[in-house]
Amino acid sequence: MLIIDCPYCGKRDEAEFHYGGEAHIVRPENPSELSDEAWAEYLFMRSNTKGRFLERWVHSEGCRRWFNMARNTANNEVEAVYLMGETPPKEVSK
Amino acid sequence: MADSYLRQSALASLHLIARANQADSNAGLSMGERGFLCQWVVRGDAGNAVFASAVKDVTGCDLPIEPNTVQGSGYINVLWLGPDEWLIVAPDGSDAGPRLDEACKDIHAAVTDVSESRTVIVLAGEHARDVLAKGCALDFHARSFVVDQCAQSTLAHMHVIVHQRSDAPEFDVYVHRSFAESLWQWLEDAAAEYGFAVSNPV
């Protein structure tokens, strides 16, 4: 079981959270001008990283706020937690 | 007509008031329902002086900025639910919500009446912490969960807001109305080993 450090509530049990997929996926500016392949790339294609991965989580049973987390997918170590809209802290940026 | 419906608390079908008359003074804790509270969810910017002073004027409480804390005036409690979200709880008949709504009409804020959404189960007594700890991952030790602290979590997989009201200790457990009976039955089972009395909290 993971202990996740919610940026608002502090350390809480993983069971209070839900996973929101890869972070920092930017919606294309002009979706109508995209090819089907490019749109599918945005909608569906995600990296499947082994190691450090930047992802979104929501504290669904607590304050219900979204935030970003850098987690190592190989050993589940939580390396950093930072707010929505922020860039990753220097120590975890790729 | 909407104003003449038979208003019942979420646990009315359990006839807790009748059971409260048979209270056992040797019980390790007491449990009861505090129903019919007025509750409003308030959204706003804590940094906005107009908003903060409107809350202060209407409720008599400072806006709790510290996460998971409660500001109470004895009559009204303001619970922190999120960085821009609070729950105002007042006794039946309070007009705090409409007054706050009026005071906030010129700023970016929202006051929503959620009075009927949750009921409150009160747990009090020396084993109240033990009972909560059976179904919730939060640390309820007196060292880490203190008076006027609140938290949103799950108790026996049901979403709850827990607020410690006093050192007795006395906890208010806010639970969604449709889960209230299920949570009560779980609590009865969890409290059985300590012995419990049904109370009639006001």
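None of these values were measured; they are calculated from a predicted model. Below, read A as the first sequence line, B as the second, and so on, with proteins coming before strands; counting in each chain starts at 1.
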Taking all heavy atoms of [X] and all of [Y], pick out the closest pair and write down the distance.
| X | Y | answer |
| --- | --- | --- |
| B:Ser153 | A:Glu16 | OG-OE2, 2.5 Å |
| A:Tyr8 | B:Pro83 | CE2-CG, 3.4 Å |
| A:Cys63 | B:Gly82 | CB-CA, 4.3 Å |

Exercise for review: Before accepting this row, confirm whether a basic side-chain N of the pair A:Arg65/B:Asp84 lies closer than 4.0 Å to the acidic partner's carboxylate O.
Suggested key: yes
**Study point:** Spacing of B:Leu138 atom CG and A:Asp13 atom CG [to the nearest 0.5 Å]
**Key:**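 Result: 9.0 Å between the selected atoms.
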Review point. Just how far is it from atom CD of B:Gln152 to atom SG of A:Cys9, taken to the nearest 0.5 Å?
Key: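 Going from CD on B:Gln152 over to SG on A:Cys9, the span is 6.5 Å.
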Point to revise | Beyond-backbone contact of B:Glu85 with A:Arg64, side-chain heavy atoms, under 4.5 angstrom | key: yes
Around [X], counting heavy atoms of other residues, nucleotides and ligands shown, do more than 12 lie under 6.0 Å from its [atom1]?
| X | atom1 | value |
| --- | --- | --- |
| A:His24 | NE2 | yes |
| A:Asn48 | CG | no |
| B:Ile17 | CD1 | no |
| A:Met84 | CE | yes |
| B:Phe51 | CZ | yes |
| B:Asp167 | CG | no |

